[in-house]
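Before any comments, here is the structure.
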Amino acid sequence: MVGRTARGPFSFSSDDISGKRADEPDRTCVHFIVAKRPTDLWPGITKDSTGKIDTVTIKSEVLSDPGGKMNKVSTQCKTEQRCSANVPIGFVGAGNMAFGITQGILMSGEVSAENVRVSAPSSNNLGRQSEMGVGITHSNAEVVSSSRLVFLAVKPHLVPGVLQEIASHVTREHIVVSVAAGVTVATVEALLPPDSVVLRLMPNLPCLVQEGALLFARGSKARPEHGALLRDLLAPCGLVEEGPESWIDAHTGLSGSGVYLFAEALAEGGVKMGMPSALAHRIAAQTVLGAGRLLRDSGKHPAQLRADVCTPGGTTIFGLHELERGGVRAATMGAVEAATELGRKGAGQGEVRCRERITLGTGEHGL
Ligand SMILES: NC(=O)C1=CN([C@@H]2O[C@H](COP(=O)(O)OP(=O)(O)OC[C@H]3O[C@@H](n4cnc5c(N)ncnc54)[C@H](OP(=O)(O)O)[C@@H]3O)[C@@H](O)[C@H]2O)C=CC1
Ligand SMILES: O=C(O)[C@@H]1CCC=N1
């Protein structure tokens, strides 16, 4: 038993402690304070920016420090459970996105691997899921039947066929989350039973390292609490935002792969100037990472940071002049625009095929 009674209804117990006990010096501890109800939260702890009250991080003085060697601990307070804990989760499709999201949600420690099930036709991608302890199967129907929240994580052109296959297993209790680029909520809803709860999510690959940028939109039957559950579940994957569906394609264009090209070009510039390739790529990666963190953590506008590093007559402004001369700004904006437009048209035929399927419909939902 480490703790002592905090104010209000809180108490610490050894079960609530992650990491070393507070009476073991020289290491920061994270204390998880469990509140019985949201209203039990410690006075002074404010709600997080999303208005949720289930995970709040504050700084506090160490409450128990017999050795006197710890000055501060980071105290993480949460209600008894995240709302997403224990929700059975399924993935139809086991590729990069399914893997990235699975990794993220398991990292939270709130969802256990036994609560997750993944399907794919081949075993090519199931091995790594299995290594994480996730249930694997070749049956999409089995995933849907055993889950409440189902991620649809197949390539866009496969969405109609997969929806056709799983539609009869989707009930009003299910929450279907499509990550397929360019496939609209309306299309997914049209291919599922009436009143199906559908959300559309656009993640990106850095979910793999818990630094994704994710935007979701709610379908016509999805209520705010469905959005809250998804947000809660995905929080460990990175930044999770909600917005109208009309922003999803723009997000796809913005957060997609363009930045890798920029990193590659930076590295190749280094190589051109005589740097070994491997070193140049390591430095480019770190440069992109550092810039991203500085932008996010400082909250500064990029133009401000750019101005901060420009010595008059110095190297940076000479480099920036070349970028402007090459039209990098216009080209980048144009890239986001082009990717967005393709997404709006249906991400490389995925949506077109979905629409055809609905138009050709053979049943109530065009199946
Ligand atoms: N990659 C990215 O950066 C992003 C991707 N997306 C979207 O995520 C979705 C998945 O992309 P991604 O993970 O990259 O794709 P992958 O090609 O990596 O994975 C696709 C998965 O779907 C499986 N699959 C194929 N056919 C079926 C079927 N009939 N039933 C069930 N599973 C099937 C594949 O099986 P098998 O393992 O047997 O090959 C594979 O596991 C796409 O719709 C894409 O638009 C969204 C944002 C970013
Ligand atoms: O280009 C693609 O198809 C994927 C979808 C979203 C990001 N990349």
Side-chain angles (χ1 to χ4, degrees), residues 90-104 116-132 134-145 147 150-167 169-170 176-185 187-188 191 198-209 211-217 234 237-241 245 247-261 335-336 338-354 357 367:
F91 288 86
V92 175
N96 289 321
M97 265 307 119
F99 182 64
I101 295 173
T102 309
Q103 249 193 356
V116 184
R117 205 161 194 76
V118 183
S119 62
S122 79
S123 299
N124 295 347
N125 289 297
L126 292 177
R128 57 182 177 174
Q129 298 277 0
S130 182
E131 278 168 24
M132 291 195 284
V134 165
I136 55 170
T137 171
H138 296 307
S139 164
N140 295 337
E142 188 186 324
V143 159
V144 175
S145 301
S147 310
V150 181
F151 288 94
L152 193 57
V154 299
K155 289 292 185 192
H157 68 279
L158 297 174
V159 167
V162 167
L163 288 177
Q164 179 171 25
E165 187 188 338
I166 65 172
H169 302 275
V170 174
V176 177
V177 181
S178 167
V179 302
V183 178
T184 62
V185 164
T187 295
V188 177
L191 292 163
V198 174
L199 294 97
R200 181 174 168 195
L201 170 72
M202 189 44 62
N204 68 353
L205 208 51
C207 283
L208 282 167
V209 291
E211 291 292 359
L214 302 91
L215 179 68
F216 72 87
L234 295 175
C237 295
L239 175 74
V240 188
E241 300 276 358
E245 191 179 11
W247 294 352
I248 296 269
D249 291 315
H251 171 74
T252 313
L254 190 163
S255 68
S257 52
V259 71
Y260 303 116
L261 183 75
V336 175
T340 304
E341 291 303 339
L342 183 67
R344 286 184 181 154
K345 279 188 210 144
Q349 303 307 305
E351 178 77 350
V352 174
R353 287 186 208 177
C354 291
R357 185 74 75 130
L367 299 176

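Whatever order the structure lists them in is the order used to number ligands and atoms, beginning at 1.
- At a heavy-atom distance under 4.0 Å, only side-chain atoms of Met202, from C-beta outward, approach ligand 1.
- For the pair Asn96 and ligand 1, the shortest N or O to N or O distance falls below 3.5 Å.
- The part of Leu158 lying near ligand 1 is the side chain, judged by heavy-atom distances below 4.0 Å.
- Among all non-hydrogen protein atoms, the one lying nearest atom 28 (C) of ligand 1 is Val162 CG2, 3.8 Å.
- To the nearest 0.5 Å, atoms CD1 (Ile136) and CG (Asn125) are separated by 11.0 Å.
- Protein heavy atom in closest approach to atom 12 (P) of ligand 1: Lys155 NZ, 3.9 Å.
- By the 4.5 Å heavy-atom criterion applied to side chains, Phe99 and Arg128 are counted as neighbours.
- Comparing Val154, Val118, Leu201 against atom 42 (C) of ligand 1, the shortest heavy-atom distance belongs to Val154.
- In terms of polar-atom proximity, Asn124 is not counted as a contact of ligand 1, lacking any N or O under 3.5 Å from an N or O of the ligand.
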Table please: side-chain donor-acceptor pairs of residues 200-208 below 3.5 Å, with sequence neighbours left out.
from   : atom 1 : to     : atom 2 : distance (Å)
Arg200 : NE     : Val183 : O      : 3.2
Arg200 : NH1    : Glu245 : OE2    : 2.8
Arg200 : NH2    : Asp249 : OD1    : 3.0
Asn204 : OD1    : Ala213 : N      : 2.8
Asn204 : ND2    : Ser255 : O      : 3.1

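- With a 4.0 Å heavy-atom cut-off, ligand 1 is reached by the backbone of Pro203 and by its side chain too.
- Heavy atoms of Asn140 found under 4.0 angstrom from ligand 1 belong exclusively to the side chain.
- The part of Ala153 lying near ligand 1 is the backbone, judged by heavy-atom distances below 4.0 Å.
- Residue Ser122 places at least one N or O, backbone or side chain, under 3.5 Å from an N or O of ligand 1.
- Residue Ala181 has at least one N or O atom closer than 3.5 Å to an N or O atom of ligand 1.
- For Glu165, the side-chain hydrogen bond (donor to acceptor under 3.5 Å, both in side chains) partners are Asn140, not counting sequence neighbours.
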